[in-house]
J.: 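Just dropping this structure here.
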There are 2 protein chains.
Amino acid sequence: MTVDSALASLADARALVARTSTAERVADAVRNEVVEGRLRPGGRLPEVALAETLRVSRNTVREALSQLVAERVLVREPNRGVFVAVPGPADVRDVYRVRLLIEPAAVRDGELAAEPSALVRVRDAVLEGREAAAREDWPGVAGANQHFHRALVGLAGSERLDQQMGLLLAEMRLVFHRMTGPTAVRAFHEPYLDRNDRIAELLMAGDREAAATQLTEYLATAERQILAAYATL
Amino acid sequence: MTVDSALASLADARALVARTSTAERVADAVRNEVVEGRLRPGGRLPEVALAETLRVSRNTVREALSQLVAERVLVREPNRGVFVAVPGPADVRDVYRVRLLIEPAAVRDGELAAEPSALVRVRDAVLEGREAAAREDWPGVAGANQHFHRALVGLAGSERLDQQMGLLLAEMRLVFHRMTGPTAVRAFHEPYLDRNDRIAELLMAGDREAAATQLTEYLATAERQILAAYATL
DNA sequence: AGCGTATGGATTGCTCAACAATCCGGCAAG
DNA sequence: CTTGCCGGATTGTTGAGCAATCCATACGCT
């Protein structure tokens with residue numbers, strides 16, 4: 001290995017030495033609380049309370065909150081405060097419009113020749129889901145499901161797309177938290193285990209067109225199911 | 001019209017009364033300077049200098065800069081400052097991966113039945129480009145070109161996708177500013193006037209499949225052209 | 001010259017304290 | 001039952017300040 005190539009491989013390490021900023025850590029902490037469901041959609045996040053419990057300045061709290069607002073995890077009502085987002089039916093439809101556009105396209109056209117590792121990640125997500133189901137760990141199944149879809153857009157091989165999908169999935173978790181009792185999360189995710197499996201196998205077999213078609217149908221029924229659940233609310 | 005329905009139609013006005021925050025205005029101002037090319041890629045943005053020239057506290061400047069970093073318009077190097085982003089070839093490839101996935105998909109599958117206004121916006125962008133070209137207003141042509149692509153993803157009818165496309169196009173302007181002399185911007189955008197026109201006509205004629213195919217080819221050659229220009233740098 | 005080290009200045013990351021503007025709830029008056 | 005007003009609380013924004021970090025320069029050594 002030449003010196004230059006060795007140095008090039010070290011370029012990534014820059015991200016590791018530069019440890020994360022305080023505001024970023026605060027944002028991560030709050031985002032976790034939200035997506036884990038420990039903060040209810042609609043709940044308020046007062047700046048001073050956060051600042052005190054996290055032992056940071058109110059300014060850095062504001063910086064973190066602003067970031068989460070940009071991620072659509074929180075919403076800011078001017079002069080009133082920031083709240084956990086409450087995704088309505090319009091949001092669900094919009095999110096699924098994006099997913100229906102991106103995910104099948106990634107499956108169909110993604111350059112997985114360049115990234116064979118992306119395929120194993122799909123397979124891994126399926127396994128993760130099966131194992132969680134065997135353990136009756138339904139939040140685990142939900143998590144695996146997200147990993148599955150994340151792996152699917154990973155087939156496109158685009159850093160920007162991956163990041164964007166992360167935001168969409170975070171929003172989806174908010175959606176789920178609006179419908180949940182813990183019984184609902186099982187009822188919702190369990191039926192998709194088989195579908196994930198089927199899509200993964202079609203992909204491994206190289207039939208991307210069929211996989212994409214399956215996925216489109218999959219997403220469409222999921223959207224209908226969620227909107228139906230919303231209607232009873 | 002009942003009182004209730006009248007009030008309901010006023011709900012949208014909420015966005016207008018709530019005027020934008022200072023940090024937001026600062027962010028808009030800086031973003032403009034950047035995408036208009038008055039700040040060179042790689043240029044540094046010291047916090048105090050900005051704060052003084054804009055007559056605003058350093059804290060609000062920081063808030064604005066953080067937002068622009070999230071938009072990838074700026075990059076932050078910890079403890080060193082924020083700089084105008086310098087998109088490299090890897091960024092160009094990534095951006096075009098996203099565009100090649102999203103734009104043709106929007107053309108193919110967008111629910112324009114629901115949004116016929118979206119189609120006229122495509123047509124308008126084409127006209128805007130022709131008029132700018134007649135005026136020999138090449139930055140105007142470039143702007144119209146962006147409006148064209150924005151209108152294309154508008155066919156998908158998704159607010160989130162529109163927003164995301166806005167960020168991508170802002171990044172594209174940074175890319176152009178790396179290659180430019182003002183002669184380059186003409187040479188690059190002028191040939192695409194006809195292609196835009198052709199795609200728009202295919203769309204109006206209802207042949208979305210052909211439009212999508214044209215668009216895919218269009219984007220692929222544009223990417224090659226840009227990367228070639230980068231190579232000579 | 002080449003290399004490591006120290007030193008000083010500049011800038012960022014973060015904190016703290018304060019104040020005006022705004023919003024909310026309640027209460028009193030019409 | 002509405003309108004108007006008051007008081008408390010929270011946000012939006014400012015200003016100052018300090019530790020940590022980075023950069024350039026100078027210094028010393030080989």
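Chain naming here is simple, since letters A, B, ... match the order of the sequence lines and numbering starts at 1 in each.
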J.: Between A/L74 (CG) and D/dT11 (P), how many Å, whole number?
T.: 13 Å
J.: Can you measure A/E63 atom CD to D/dG12 atom P for me and round it to whole angstrom units?
T.: 15 Å
J.: Could you tell me whether A/E223 and A/R99 have a side-chain N and a carboxylate O separated by less than 4.0 Å?
T.: no
J.: In whole angstrom, what separates B/L54's CG from D/dG15's P?
T.: 13 Å
J.: Parallel, tilted or perpendicular, judged at 30° and 60°: which one describes the rings of B/H189 and B/F176?
T.: perpendicular
J.: Enumerate all atom pairs, one protein N or O and one N or O from nucleotides 15-17 of chain C, separated by less than 3.5 Å.
T.:
residue, atom, partner, partner atom, Å
C/dT15, OP2, A/S57, N, 3.1
C/dT15, OP2, A/T60, OG1, 2.9
C/dC16, N4, A/N59, ND2, 2.9

J.: Could you check how far CZ of B/R25 sits from C1' of D/dG12, rounded to whole Å?
T.: 11 Å
J.: Do A/R93's NZ or CZ and the ring of A/Y96 fall within the cation-pi criteria of under 6.0 Å and 45°?
T.: no
J.: Any salt bridge linking A/D91 with B/R160? Criterion: basic side-chain nitrogen under 4.0 Å from a carboxylate oxygen.
T.: yes
J.: Are a donor atom and an acceptor atom from the side chains of B/Y218 and B/H149 found within less than 3.5 Å of each other?
T.: yes
J.: Report, one pair per line, the protein and nucleotides 5-10 of chain D atoms (nitrogen or oxygen only) whose separation is under 3.5 Å.
T.:
residue, atom, partner, partner atom, Å
D/dT10, O3', A/R44, NH2, 2.9

J.: Any carboxylate oxygen within less than 4.0 angstrom of a Lys/Arg side-chain nitrogen, looking at A/E24 and B/R76?
T.: no
J.: Working note: B/R135 + B/E128, criterion salt bridge (charged side-chain N to carboxylate O under 4.0 Å, His left out); need CA distance, chi angles, decisive distance, verdict.
T.: CA-CA 11 Å; B/R135 265 183 280 116; B/E128 181 191 349; over 6 Å; no
J.: Between A/R178 and A/E171, does at least one N-O distance fall below 4.0 Å, as a salt bridge requires?
T.: no
J.: For the helix from C/dA1-D/dT30 to C/dG30-D/dC1, how many degrees between its two end axes (five pairs per end), to the nearest 10°?
T.: 10°
J.: Within this structure, what is the CD-to-P distance between A/Q67 and C/dG13, rounded to whole angstrom?
T.: 14 Å
J.: Between the side chains of A/Q67 and A/R62, is a donor N or O closer than 3.5 angstrom to an acceptor N or O?
T.: no
J.: Rounded to whole angstrom units, what separation is found between the CZ atom of A/R62 and the P atom of D/dT14?
T.: 11 Å
J.: Any chance you could measure B/L161, atom CG, to A/D94, atom CG, to the nearest 0.5 Å?
T.: 8.0 Å
J.: Any carboxylate oxygen within less than 4.0 angstrom of a Lys/Arg side-chain nitrogen, looking at B/R121 and B/D124?
T.: no
J.: Whole Å only: how far is the CD atom of B/E24 from the P atom of D/dT11?
T.: 18 Å
